Amino acid sequence: MNADDLGSPRELTGLQRRRALYQPELPPCLLQGTRIRVEFGDSTTTIDSKCADIVAQAFPHIFGQKLVRFLEPHTDTVVSESDAQVIQEHPPIRVGVVFSGRQSPGGHNVIWGTYDAMKAQNPHNVLLGFVGGTEGLFAKNTLEITDDVLSSYKNQGGFDLLGRTVDQIRTTEQINAAKATCCDLNLDGLIIIGGVTSNSDAAQLAEIFAEHNCKTKVIGVPVTLSGDLRNQFVETTVGFDTVCKVNSQLISNVCLDAISAGKYYYFVRLMGGKASHVALECALQSHPNMVILGEEVAFSKLTLKEITNKICDGVEARAEQGKYHGVLVIPEGLIESIPEMYALIQEINNLHSNNVSEADIPSQLSPWAAALFKFLPSFIRRELILHQESDNSAQLSQIDTEQLLAHLVEAEMNKRTKEGKYKGRKFSSVCHFFGSQARGSPPSNFDCNYAYVLGHICVQIIAAGLNGYMATVTNLKDSTNKWRCAAVPLAAMMSVRRHLRGPGAVPIGRPVIHPSPIDLKAESYAVLREKASSFLLDDFYRTPGGIQFEGPGAGTKPITLTIEEQDYLGDIEILQAYLDKVRTILKPGCSREILKASISSIASVNDVLKFMSAPLNTELPLYHFN
Ligand SMILES: O=P(O)(O)OC[C@H]1O[C@](O)(CO)[C@@H](O)[C@@H]1O
């Protein structure tokens, strides 16, 4: 990457110029300018109480800190004056900000929000961006953020204002370099923008700074498209909303393309890290025929063979209905959830950690792993041994799991054909990986607002002198004026993995913030499973459309369903009821195709609602049946 290309003014298109004019909304507590009430709540331990001792030992300086809320100064409060304060004085401060995670729509607005809040507190405040991500931090490569610098990056996608590199502040050398930079630049605060790994690194840095009496306060901001930094304190991450909306649109386009020609199976893999939040959300939005989540595969311990058979059974069932097209959605983390693949990847990771070269890895695998490795197509073998991610795991974005599955499904379908078990047309597939197509999108209004608010909160955290905290906002499903702003100790989100379950469980590894998996007991997953056979056979495709930033279409989409769960469940129930009702009044001769076309063109749930409450003989809204 050429650092000279970063941070320079961009030539904006008409849409980008309009987007730059969008003014993100702030909740009331942040509208009061500099008069904000800081309220200290309970002391924290950790989200997994069984690890509290280990976390306390690893982070003696930042463990156990209090939860903090930011409120309007006049808010009635039940806490004593010693537990709340309105900071009156704002001497000039110097703050650094760094992108330490993969690009995610909305990241630029964290910087904008930080800048605006700093300038409102004191016009002499200085915000320095580190050019080239964490490597820029180590090398003290800065760009002062000004109105001019920001002007072409407001509400825009990408991370190209500052760029990013290794996403890691972990080795002694890296930590020392970061410390030297913060001391030399006399920083009061360092804001680290990223996901679970970067926020774990932020905690480590905060601990070391506290131990060495370094005055720089370290703050983490939850920004990752994966949506996996989610726990009792964090509802969602910046970028997840946009990425799910864009991917859902892409999937629904693929669905309509598939049904139009009726000849291909589309295998779509979605970027989103180890957890399957993006895949679940997009499946609920677009209703592809099949979706296989990593968490359910891990839970049921499904092998590669079983997954292949499951897909082939779906293909056969559809062929019986004369359908030779379909759409399968998988998360990129699926590969690691398949037990035998997980074990193989672990062996490869261990060899990497022992500095075995990529070329030598195949010959050093254990016999069973070598056998599995040999069975895999050569493109997957090549991808599996690529060098590791910054958290020492496999590079999921580089492993074409959708192509592996398409390859195995085709082989199995050919076998079934030869054996006379499958008599349908030849199986044919097209593969897609949707990653940067969505990741580089202009952020949705939700992500613009969320990121901008988090930037403001970072400044309040630094003004309150807090170290080792994450900026958070809750109540996100409500309008911005009901959002609740807070700061949560990073140590409170940490836990340690265990080897086994139960009393004999042995903790392994150091405490970090782990990605949260899909909760298989959650309502959203239950809906997906309940509708699985309808999705598989009925081509119940849903067209959420592209993001509408303004105008009549802008307010029609909910934020991600996993936050808006209840509203969505209503939506899907209504659609199903609509389908049932349509079926009961179909005139003889109305073809199934027409019915399907009408269902997939439903424009608004309100139309359906109106129809549902009308008498049975009412003419169908929007659609005509022969
Ligand atoms: O584009 P890159 O560098 O391959 O990064 C992709 C990775 O980044 C993430 O978005 C976040 O870690 C993962 O979901 C994905 O595997």
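Order of listing sets the numbers, starting from 1, for every ligand and every atom in it. None of these values were measured; they are calculated from a predicted model.
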Residues 430-442 side chain polar contacts: donor-acceptor under 3.5 Å, at least two apart:
{"from": "Gln437", "atom 1": "OE1", "to": "Gly435", "atom 2": "N", "distance (Å)": "2.7"}
{"from": "Gln437", "atom 1": "NE2", "to": "Phe433", "atom 2": "O", "distance (Å)": "3.0"}

Lys NZ or Arg CZ of Arg382 over Phe379 ring: under 6.0 Å, within 45°: no

Sub-6.0 Å ring centroid separation between His287 and Tyr541: no

Residues Arg269 and Asp400 bridged, charged N to O under 4.0 Å: yes

Test item: Gln103 side-chain N/O and Phe159 main-chain N/O as donor-acceptor pair under 3.5 Å: no

Under 4.0 Å from ligand 1 - residues by heavy atom, chain and number: Arg102, Leu225, Ser226, Met271, Gly272, Gly273, Glu332, Ser397, Gln398, Arg439

CA sep, side-chain torsions, deciding dist, call: Trp112, Tyr153, ring pair (Phe, Tyr, Trp, His ring centres under 6.0 Å): CA-CA 9 Å; Trp112 181 20; Tyr153 294 90; over 10 Å; no

